Amino acid sequence: MTTYEGRLTAPDGKIGIVVSRFNELITERLLEGAVTALKRHGGDESQLEIARVPGAFEMPLVAQKMAQSGKFRAIVCLGCVIRGATDHYDYVCGPTASGIMNAGLASGIPIIFGVLTTDNLEQAFERAGSKAGNKGAEAMLAALETVDVLAQLSG
């Protein structure tokens, strides 16, 4: 039996990050977590190219465009959508997740969903570096591991 399992090491080449400005208090913490995770696993900031977008809904298109450029080994999407009193949350979260997934499948490179979808600001803070860890760091680790698995599969 052959098993492929990725290692948590920074790959050679660029990693793109698409980060939302909406809920910036949270998304900047996610970004810090992602950068720190890359550094802890042998990478450095010179490998990163960051695209800032207005909100989560704009992420899939920008991630797709980055992937199509051929410059990146992986792309990490970081955002935060907090449920409100209207249906807006539902209109943003599902299409954003689907768009990011579809961009990854179409491009053949890892495009990681690091978008928090929470009921309130407290839950967002918990996932951006307090009680529940930093989901930005987790998204970067998922990117590193997936890049390595794909490299193994390519032989």
Side-chain angles (χ1 to χ4, degrees), residues 2-82 92-118 123-130 132-155:
T2 302
T3 302
Y4 299 96
E5 186 172 347
R7 295 168 300 226
L8 293 173
T9 55
D12 292 333
K14 296 282 186 186
I15 296 174
I17 298 178
V18 181
V19 61
S20 168
R21 287 192 316 266
F22 199 79
N23 289 318
E24 192 169 41
L25 188 60
I26 302 298
T27 62
E28 286 302 309
R29 290 174 181 228
L30 297 174
L31 178 58
E32 289 170 17
V35 172
T36 299
L38 178 67
K39 288 179 182 178
R40 285 190 179 153
H41 292 87
D44 64 67
E45 290 183 35
S46 68
Q47 290 180 267
L48 298 174
E49 290 191 20
I50 298 169
R52 295 186 182 272
V53 297
F57 202 76
E58 292 76 26
M59 289 180 165
L61 178 60
V62 173
Q64 178 177 292
K65 191 70 165 176
M66 290 175 89
Q68 289 170 343
S69 76
K71 293 180 7 181
F72 301 97
R73 299 292 306 275
I75 298 163
V76 177
C77 296
L78 302 173
C80 178
V81 183
I82 300 172
V92 172
C93 294
T96 298
S98 294
I100 289 170
M101 180 190 66
N102 289 336
L105 292 172
S107 69
I109 69 166
I111 301 181
I112 307 300
F113 183 80
V115 180
L116 300 180
T117 56
T118 65
Q123 288 176 350
F125 274 115
E126 288 174 358
R127 288 157 180 76
S130 70
N134 187 303
K135 300 303 180 184
E138 290 179 21
M140 179 59 74
L141 295 179
L144 300 181
E145 186 174 348
T146 306
V147 166
D148 193 62
V149 167
L150 291 175
Q152 292 174 42
L153 291 170
S154 296

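Side chains included, hydrogens not; waters and symmetry mates left out as well; all remaining heavy atoms used. On a predicted model such as this, the values are computed, not experimentally measured, just so you know.
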Tell me the closest heavy-atom pair linking [X] and [Y], and the distance in Å.
| X | Y | value |
| --- | --- | --- |
| Pro60 | Ala103 | O-CB, 4.2 Å |
| Leu116 | Ala124 | CD1-O, 3.7 Å |
| Ile112 | Ala139 | CG2-O, 3.5 Å |
| Ala63 | Cys77 | CB-SG, 3.8 Å |
| Asn23 | Cys80 | ND2-O, 2.8 Å |
| Gly79 | Leu30 | O-CD1, 3.5 Å |

If you round to the nearest 0.5 Å, how far is [atom2] of [Y] from [atom1] of [X]?
| X | Y | atom1 | atom2 | value |
| --- | --- | --- | --- | --- |
| Leu78 | Glu32 | CG | CD | 11.5 Å |
| Thr96 | Glu58 | OG1 | CD | 8.0 Å |
| Ile109 | Phe72 | CD1 | CZ | 8.0 Å |
| Met59 | Ile75 | CE | CD1 | 12.0 Å |
| Leu8 | Met140 | CG | CE | 12.0 Å |

Next item on the list: Using a strict cut-off of less than 4.0 Å between a Lys/Arg side-chain nitrogen and an Asp/Glu carboxylate oxygen, indicate whether Glu24 and Arg21 qualify as a salt bridge.
Entry: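 Salt bridge absent between Glu24 and Arg21.
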
Next item on the list: Please step through side chain to side chain contact (heavy atoms under 4.5 Å, CB included) for the pair Glu126 and Thr118, ending with a clear verdict.
Entry: CA-CA 10 Å; Glu126 288 174 358; Thr118 65; over 6 Å; no

Side-chain donor or acceptor of [X] paired with backbone N/O of [Y] under 3.5 Å:
| X | Y | result |
| --- | --- | --- |
| Thr27 | Val19 | no |
| Asn134 | Ala137 | yes |
| Lys14 | Ser46 | yes |
| Ser69 | Met66 | yes |
| Thr146 | Ala143 | no |
| Glu138 | Gly33 | no |
| Glu45 | Val35 | no |
| Glu145 | Ala142 | no |
| Arg73 | Asp12 | yes |

Item checked: Check against side chain to side chain contact (heavy atoms under 4.5 Å, CB included), Leu144 and Ile15 -> CA-CA 9 Å; Leu144 300 181; Ile15 296 174; 3.8 Å; yes

Notebook entry, point to check: Within a reach of under 6.0 Å around CZ of Phe57, are more than 12 heavy atoms found that belong to other residues, nucleotides or ligands?
Noted result: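 Check fails, neighbour count at 12 or below.
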
Next item on the list: Look at atom CZ of Phe22 and say whether more than 12 heavy atoms of other residues, nucleotides or ligands are closer to it than 6.0 Å.
Entry: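 12 or below, so no.
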
Check: With Arg7, which residues qualify under salt bridge (Lys or Arg N to Asp or Glu O under 4.0 Å), at least two apart?
Finding: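 Per chain and number, Arg7 pairs via salt bridge (Lys or Arg N to Asp or Glu O under 4.0 Å) with Asp148.
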
Next item on the list: May I have the step-by-step check of side chain to side chain contact (heavy atoms under 4.5 Å, CB included) for Val115 and Ile100, ending in yes or no?
Entry: CA-CA 10 Å; Val115 180; Ile100 289 170; 4.2 Å; yes

